[in-house]
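First up is the structure itself, then whatever we jot down about it.
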Amino acid sequence: MALHSPQVDLAVKFLNNPRVAGSPLETKQAFLKKKGLTDDELSEAIQQAQRQAPPQPPSLTSAPLPPPPPPPPRTRSWQEYTLIVAVAGGLGYALVRLIKKYVLPWLLGNNEQREQLEAIRASVQELQNSIVTAVSELREATRPMHDLLTEQKQQLQALTGQVVNLQVRTSLKTKATHYCHPVETKCLTK
């Protein structure tokens, strides 16, 4: 039973289209079912497509094909060579600068830094010597005051001792002139 509907004709054209010829049959069937073909219409379209399909040429797989020839060598323009030279020169310059700035000072030591360090050491030593001199001069200047303070301290201690002696004598005199007997209530005065 041959079905001739416009949908079957379109399905046959779709199945014979060279763009979809390499796709699996299951994928083509799923696509046509989505478009609304029934199972009967789908099987009829497949049969008609197989009848109308052009005969396939005999397989060429029996004889291997020779490998394609290698592409011709690429020639570079003068702009590419100029760019290569510029990049190589820039990298070379950067490498020389890095070596001069970091590697050589690290290997050989930096004379500028040594000179700066020696200058700092000399100024610190000079400052230390001036501080020692100033401290010794200050001691010499304050020595008379220190001696005077020591003398005044000795005099103050001597006077304090005299005051204490005087207070003790006065206290003894008052006690000696005024005597109260603990048992008797009378006090004797001399």
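Computed over heavy atoms, backbone and side chain alike; hydrogens, waters and symmetry mates excluded. It should be emphasised that the depicted structure is a prediction, and the values quoted were computed from it without experimental measurement.
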Mind listing the closest non-hydrogen atom pair of [X] and [Y] along with its distance?
| X | Y | value |
| --- | --- | --- |
| Leu37 | Ala11 | CD2-CB, 3.6 Å |
| Lys28 | Val20 | CE-O, 2.9 Å |
| Leu156 | Thr160 | O-OG1, 2.7 Å |
| Gln7 | Lys35 | NE2-O, 4.4 Å |
| Glu44 | Val8 | CG-CG1, 4.2 Å |

Looking only at atom types and distance, does a side-chain atom of Lys33 sit under 3.5 Å from a main-chain N or O of Thr38, one as donor and one as acceptor? no

Within the side chain of Thr27, is there an N or O that forms a donor-acceptor pair under 3.5 Å with the backbone of Ser23? no

If hydrophobic clusters are built from ILVMFWY residues whose side chains come within less than 4.5 Å, do Phe31 and Leu42 share one? yes

Under a single-linkage definition using a 4.5 Å side-chain heavy-atom cutoff for Ile, Leu, Val, Met, Phe, Trp and Tyr, are Leu83 and Leu91 assigned to the same hydrophobic cluster? yes

So do [Y] and [X] actually touch side chain to side chain, heavy atoms under 4.5 Å?
| X | Y | result |
| --- | --- | --- |
| Arg143 | Glu140 | yes |
| Leu25 | Ile46 | yes |
| Glu151 | Asp147 | no |
| Leu15 | Leu32 | yes |

Measuring from [X]:[atom1] to [Y]:[atom2], what's the distance to the nearest 0.5 Å?
| X | Y | atom1 | atom2 | result |
| --- | --- | --- | --- | --- |
| Thr82 | Glu80 | OG1 | CD | 10.0 Å |
| Asn16 | Gln50 | CG | CD | 9.5 Å |
| Glu137 | Ser130 | CD | OG | 10.0 Å |
| Leu149 | Met145 | CG | CE | 8.5 Å |
| Ile120 | Glu115 | CD1 | CD | 12.0 Å |

Answer yes or no: are there more than 12 heavy-atom neighbours, outside Gln152 itself, under 6.0 Å from its atom CD? yes

